[in-house]
Amino acid sequence: MPTPDVTPIIPELILAVAACLVLVVEPFLKLDKTAVVAVALTGLLAYGAAAFALLGQDMAGFNDMIVINDYAIFFKVLFAAAGVMTVLMSPRYLEAHDRHLGEYYALLLFAILGMSVLAAARDLMAFYVGLELMAVSSYLLAGFFRYRLRSNEAALKYFLTGCFASAITLYGISMVYGFTGATNYAEVGTALAGGENTLGVAFATALVFAGMGFKVSVAPFHMWTPDVYEGAPTPIAGFFSVGPKAAGFAAILMMFLAVFEASVDTWTVIFIAFSIFTMLVGNLFALVQRNLKRMLAYSSIAHVGYLLAGMGAIGQSGDLLAGEAILLYLAAYTFMNLGAFGVLAYLKTQQPVTFDYTLDDMAGLARRSPWAAILMSLFMFSLTGIPGTAGFIGKFYLFNAVVRADLVWLAAIAVIFSAVSAYYYLRVMVYMFFRESEEEFVGGEAISGPLAASLALAAAGVLFIGLVPARLVDASATAFQNFLGL
Amino acid sequence: MEHEFASYMNWIVPLIPALPLTAFLVTIFFGKWFIKEQAHWLPILAMAAAFVLSLLVWWEVRQAEEGFYVELFTWIPVGDLQVPLAFYADRLSTAMIMMVTGVATLIFIYSKGYMHGDPGYYRFFSYLSLFAFSMLVLVLGANYVMLFFGWEAVGLCSYYLIGFYYHKTSAAAAGKKAFITNRVGDFGFSLGIFLLFVTFGTLTYTEVFEAVEVEGAGTATMTAIALLLFMGAMGKSAQFPLHVWLPDAMEGPTPVSALIHAATMVTAGVYMVARSSVIFASSETAMLVVAGIGAFTAIFAASIGIAQTDIKRVMAYSTVSQLGYMFMALGVGAWIPAIFHLITHAFFKALLFLGSGSVIHALSGEQDMRRMGGLRSRIPYTYWTLLSGAIALSGIFPFAGFWSKDEILGITFKDGAYIIWAVGLVAAFITAFYTFRLIFMTFWNESRMEPEVEKHVHESPWSMTVPLMVLGGLSLVGGFLGFPPEAGVFHHFLEPVFEPANEILGIHHEAFGAIDLTLMIVSVAVAVSGVILAYFFYVRQRDLPEKAGAAAQPLYKAIYNKWYIDEIYDATVVRLVIDGSRFLWRSFDAAVIDGIVNGVGKLWEVSGAAVRPAQTGKVQNYAGMMFAGVFVLLSAVIIAYGL
């Protein structure tokens, strides 16, 4: 038996080694966990750098189960960025909660490993392995503060509903295997396209949609989201809101374009219908939240609704533009949402006891901590989609693609919901700048270096994408076109 | 013949706007805690360096007829619209950047003295740097999108700086007024750019102008594009009827008035029209409108200048009037004289503003000319430099304003536009009158100052007087750039830029002749008589103004009240908007929107009982919801496939 070529999984190997190293180093450390953080960071950077170095490669390995190409690399780099930002905002936050443990970073790296596999999979088995690795690590991370009721509860809910979702996905996958006898995307796609059993295929499509819909929180499979974000450590909530979502969409794009090409008419309708429902639920629930983590959870559901509209546009027109726009949107979203959670993590470390993520806790922030208020405003502007920020570019390209797919009415709905979202995003700024806080706040410690770096990275990403979008637009275009040449 | 530009042009051209941008970033981030009172050094040095680089660019560009184009990267790619971040240094933009960086350097130095001790010292210098960056992008950009970016960015800085003393209500209101008035103009401007793109499929200058020349478009389309673009110019360059914001903008610190509201930003409209000369030349109607609006604004604003008593407001109306001259020139196809006047005006008007600032500084903030007087010997540097600026503005030989203004008048006359020429001539007379009214009221006669103010009169520090002297020198000799008339260094330098437009218009050069000499003598005579009249009114027989005012009571009241334009706006547009919004607020916002918002809230409250169990954490409900979703989804699939 010839030795398999490991080139396609070099970045993943680096990540796996780093995760194991974290576990090996951890027992030798007492209170100071700097070494663990350093290992995790180095691992993530090396992972991202390795992926970057492989840019332009296009090859498959391990019986065509996994590939390395610009599409997979786009996501790997994005995950590396999200991972680095999450790791940087964690140490001080965990210390403030007296729970700075090494396995946190190991779990985070394993979750990213799962995401990375998910985005690179070209086979239903590899897909499922990636999905579960990501999911199991996420359940543990959600309950990382295990002595806290809310965190515990979040983990359990996430785990139980996650199991149902996995079962539904598996059911769909097994039906596909039953019809075609193959697990490789390309083979399955060809077999399904020539097959007769249209209802069965439609059934499988719907089941996989529901399962994946859970992962990216499509309404009505979204109910876990606010509870989990609220209960999980804040950096992890931020990570959940961007990382697994991007990975989920990486997989959804591939699944529905390659595997379920035959049932494109069915899933186009499904995506459009769920897009509207998800935008509605996300935005309306976000309007009435007073807890910022819950607000961001519902707002992330709303953003998923916009992305689903993009999927609908792909199905409708087969236009490349929508796919590129989805990648672009995911990248923009990663920086702005993680940034917003980063500011919350910072505020929590400042006031571990009194700060409870409510709007009232934000009152007078501009006076207490002007930089935090300015950064938060930037992220809120970006989430709203104000020009000059990443969020605007993301929405602009996405809605433009939807319009080009002759779904003007859908784009109009999305724009109206974006306008609604301005209310709950900008309300945060009203509190920060125009309300005085009722209690006296004692100045906390200065911001920690890593956390500051993380926020700076997020802000730089938001502004860079917002002001000079051409680079990223090109990157997502190449990535997506490369993926289509499957 | 393609000229080979030196390779260092590739980086010095982008560096020119990058320098003030760097100064802005460093100052705004580190100013408050680290740089503090030293905040002036970096912006001044950056500006001076940018000036030196501009000279280098000039050295290169003067050897070539076509411009230098450098593309950094694609900025916004959307389908067919590719907007590169690119700079275009041709002879026109080079003339502009030399003026902008030069004048800005002097004003930055002046600000060191003027703003000394202000609590917002670092903030002031960082905004000024941001402004300089924006202005340089505006003139150096290679396409209309970058022009528009710079256009909006200079506007933004201007609103900030007008409202710099934001705790003063009038300053905040003035900032708001500038913003709103400019929105009207920019609305047309952005429509013009859209129409340009729709018509020609590109926004890059060179491509657009080539398309206009070669393919052209219907006269109606060209007229629409030109007029829409001109709407933007009317807002930015304060032309009637969008001029109302500029006098109020004087609420900003004086260096801001000098830099933004006299020398650079307000001339952006003139630059834009000159830049788009090919487009404007393609539409006779548009040219007529530009000339008409310009001429009317020139005389209209000058008339208001007669009756103002605030030293800075006199200058503000004078600026509006002089900008009118420039548009008048553009409208008759006198592109080069318009730009020439733009440059000389930048020198002497910056000087006049800085000089007024020096007077105000000496008088502990007094701005009313009725409470000045007798300052000639008290602040001599300020007096002599200001006098030099005043002579230049009045258009008296051989100062800078004479050459440029006389050229505009001369061309309108030779062009056969006698009405416009006559209007311009009358405006020139009024200009000389109000300018020397200012000089006489401020510096001559006996002192009318408050005793407390008088005790503290002092000449300004060197950082303020040196820029005054440099500008005074430029006001004296700057006009010789355009000597001999219509064939000076300046004209030869700019000629290639406007060749295509002149070809469309069929303009040919005529040699300087007897008619020009006659016109020159006439315009100098007119200016001198304006000065003499002012001398009689404000030095010799000082009861005359009152008598004249009483004799022509309604006229005097009208010009004193700025022809009631603000009142008319208040009574019509503003009233309408306020009433309209109040109506919308009461009927629509309060009833409908609030109804919806409250209704949604109510809805949640009402349905809360049903939703809350699921929300507060029964995991069974979550799973139930999921299965309901799957069930509905699968049922829909089955129904759709007709099982």
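This is a predicted model, so every value here is computed, not measured. Note on naming: letters A, B, ... go to the chains in the order of the sequence lines (proteins, then strands), and numbering restarts at 1 for each one.
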Nearest non-hydrogen partners of [X] and [Y], listed with the distance:
X        : Y        : result
A:Ala206 : B:Leu633 : O-CD2, 3.5 Å
A:Leu199 : B:Ile638 : CD1-CA, 4.2 Å
A:Pro220 : B:Gly629 : CG-CA, 3.9 Å

Which answer fits [X], side chain, backbone, both or neither, if we ask what part of it has an atom under 4.5 Å from a heavy atom of chain B?
X        : value
A:Ile270 : side chain
A:Ile393 : neither
A:Trp267 : neither
A:Phe274 : side chain
A:Val473 : side chain
A:Ala477 : neither

(message) Please report the interatomic distance OG1(A:Thr161) to CE(B:Met625), rounded to the nearest 0.5 Å.
(response)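 Those atoms lie 13.5 Å apart.
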(message) What's the separation between atom CG in A:Asp227 and atom OH in B:Tyr622, rounded to the nearest 0.5 Å?
(response) 3.0 Å
(request) Over 60° means perpendicular and under 30° means parallel, so classify the ring planes of B:Phe627 and A:Phe164, tilted if in between. (result) perpendicular
(request) For A:Tyr171, enumerate each residue passing the ring-ring contact (aromatic ring centres under 6.0 Å, His included) test, keeping only those at least two apart in sequence or located in another chain. (result) none
With a sphere of 6.0 Å drawn around [atom1] of [X], does it hold more than 12 non-hydrogen atoms of other residues, nucleotides or ligands?
X        : atom1 : value
A:Arg367 : CZ    : no
A:Phe159 : CZ    : no
B:Tyr160 : OH    : no

(message) Let's test your reading of the structure: which of A:Ala273, A:Ala470, A:Ala154, A:Pro469 forms the most heavy-atom pairs below 4.5 Å with chain B?
(response) A:Ala470
